[in-house]
Amino acid sequence: MALFWGKSEQAQPQVDFSNLPRHIAIIMDGNGRWAKTRGLPRTAGHAAGAENFRTIATYCKEIGLDYLTVYAFSTENWKRPAEEVSAIMGLLKKYLLEAISRMERDRVKMEFFGDLSVLTPELQALCRRTREISRHYEGCQVNICLNYGGRDELLRAAMAYARDCVEGGADPNHLSQEQFSGYLYSSGVPDPDLIIRPSGELRLSNFLLWQSAYAEFYFTDVLWPDFSKEELLRAIAAYQGRSRRFGGV
Ligand code: FPP
């Protein structure tokens, strides 16, 4: 089934909705520049970015995507001015409160990847609650990466495995890739098929380092707050045109 979407002058993204990637991951980049071009404070860019996350997450559920993972706050983002960090945390709190109040209607399973222990007790409690209420929902799962870093995730996994070797009887000479994946925040979630980075930056920035091994990448100059449903479909159409060989021929 090939469907067309949108009516803009640009080439229409032609997407086969019966063959969507199972898991899309997005680096929500460009909020600051979006605000700057409008003469607004960076925090206004993050507010627009959070709004766009709602739009895109809802749309992903509508089209039947299984997994959406977004990079909301990295282990390195603490270096930003306190005011900006606090604005992002405020937006997360607002989002989680809304998500909890609409959970029965939306029925999206929500997970968090990252070390939540350094967040405020209130934010930690909201994350726990969101995860707990939504844990039985089936269909779309949204993973929010919060205080997440790919290297940090790998170190934590290595330490957890080392502990299991010392205390839990795990064999230090035998560890499969599947077993190691089970120590990651993303345990049980299939690797992303498609990683999207808007805003013109061409790097991974410590995002899903293990999980991205065979992901297809899609880069665009569009800034995250302007990354529309149509842009998403353009990314999916590009993905569907790729030949994935996973190291084979
Ligand atoms: C990167 O853009 C964006 C972030 C570090 C924060 C992302 C946060 C949100 C979208 C809001 C909260 C999220 C949710 C899930 C409700 P940037 O600031 O680096 O942009 P720039 O490169 O243009 O400066």
Side-chain angles (χ1 to χ4, degrees), residues 24-61 65 67-103 106 108-116 118-120 122-131 134 140-150 152 185 195-208 219-229 231-232:
I24 295 180
I26 305 181
I27 301 176
M28 303 186 290
D29 196 13
N31 297 344
R33 278 163 284 169
W34 183 93
K36 196 173 172 200
T37 56
R38 287 163 177 76
L40 298 169
R42 292 178 55 80
T43 50
H46 294 311
E51 194 49 49
N52 197 42
F53 162 69
R54 280 186 193 84
T55 305
I56 294 295
T58 305
Y59 187 57
C60 283
K61 184 180 158 113
L65 191 79
Y67 297 92
L68 172 69
T69 300
V70 292
Y71 208 1
F73 196 84
S74 77
T75 43
E76 288 71 38
N77 285 153
W78 297 105
K79 294 178 201 156
R80 295 185 177 216
E83 185 195 315
E84 183 171 341
V85 170
S86 148
I88 294 173
M89 295 302 158
L91 288 164
L92 281 160
K93 177 180 158 188
K94 183 166 176 268
Y95 172 75
L96 293 175
L97 285 169
E98 281 168 14
I100 289 169
S101 72
R102 294 179 191 161
M103 211 143 246
D106 295 345
V108 168
K109 182 173 174 181
M110 309 244 340
E111 262 300 339
F112 300 89
F113 296 171
D115 174 17
L116 305 185
V118 295
L119 304 180
T120 61
E122 187 189 25
L123 207 44
Q124 286 183 52
L126 284 173
C127 292
R128 271 198 305 274
R129 213 159 140 230
T130 312
R131 179 188 271 151
S134 70
C140 190
Q141 173 170 333
V142 173
N143 308 305
I144 299 183
C145 296
L146 246 184
N147 191 27
Y148 172 89
D152 182 62
Y185 292 122
I195 296 183
I196 298 172
R197 182 164 194 161
S199 94
E201 307 292 356
L202 306 178
R203 56 180 173 264
L204 205 44
S205 299
N206 207 10
F207 188 45
L208 303 177
F219 297 106
T220 169
D221 287 341
V222 173
L223 304 173
W224 171 248
D226 291 329
F227 188 90
S228 60
K229 296 175 192 174
E231 294 293 341
L232 180 74

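Just follow the structure's listing: the first ligand is 1, and inside any ligand the first atom is 1.
- Among all non-hydrogen protein atoms, the one lying nearest atom 16 (C) of ligand 1 is Tyr95 CB, 3.7 Å.
- The shortest contact between atom 1 (C) of ligand 1 and any protein heavy atom is with Met28 O, 3.3 Å.
- Compare Ala57, Ala72, Pro198 by their heavy atoms: the one nearest to atom 6 (C) of ligand 1 is in Ala72.
- Separation of atoms CE (Met110) and CZ (Arg129) is listed at 13.0 Å; rounding is to 0.5 Å.
- Nearest heavy-atom pair, Arg38 versus Trp34, reported as atom, atom and distance to 0.1 Å: NH1-O, 3.0 Å.
- No side-chain heavy atom of Asn77 sits less than 4.5 Å from a side-chain heavy atom of Ile88.
- Close approach to Ala50 involves these atoms of ligand 1, each under 4.0 Å from a residue heavy atom: 10 (C), 11 (C), 16 (C).
- Pairing each heavy atom of Phe207 with each of Ala25, the nearest pair is CE2-CB, 3.7 Å.
- Nearest protein neighbour of atom 10 (C) of ligand 1, counting heavy atoms only, is Asn31 ND2, 3.5 Å.
- At least one donor-acceptor pair under 3.5 Å links the side chain of Asn52 to the backbone N or O of Trp224.
- Selection from Leu92, Ile88, Asn77 by nearest heavy atom to atom 14 (C) of ligand 1 gives Leu92.
- Not a single heavy atom of Val70 lies less than 4.0 angstrom from ligand 1.
- The shortest contact between atom 22 (O) of ligand 1 and any protein heavy atom is with Arg33 NH2, 2.9 Å.
- For ligand 1, one of its N or O atoms has an N or O atom of Asp29 under 3.5 Å away.
- Here the heavy atom of the protein found nearest to atom 24 (O) of ligand 1 is Arg42 NH1, 2.9 Å.
- With hydrogens left out, the protein atom closest to atom 4 (C) of ligand 1 is His46 CE1, 3.9 Å, a heavy atom.
- For the side chain to side chain contact (heavy atoms under 4.5 Å, CB included) with Val70, the lone residue among Asn143, Ile144, Ile196 that qualifies is Ile144.
- By the 3.5 Å distance cut-off applied to N or O atoms, Trp34 is not counted among the residues near ligand 1.
- Counting heavy atoms from C-beta on, the side chains of Thr130 and Phe112 come closer than 4.5 Å.
- A distance of 6.0 Å separates CD of Glu111 from CD of Gln141, quoted to the nearest 0.5 Å.
- The shortest N/O to N/O separation between Arg80 and ligand 1 falls below 3.5 Å.
- Sparse packing is recorded around NZ of Lys93, with 12 or fewer heavy atoms of other residues, nucleotides or ligands lying under 6.0 Å away.
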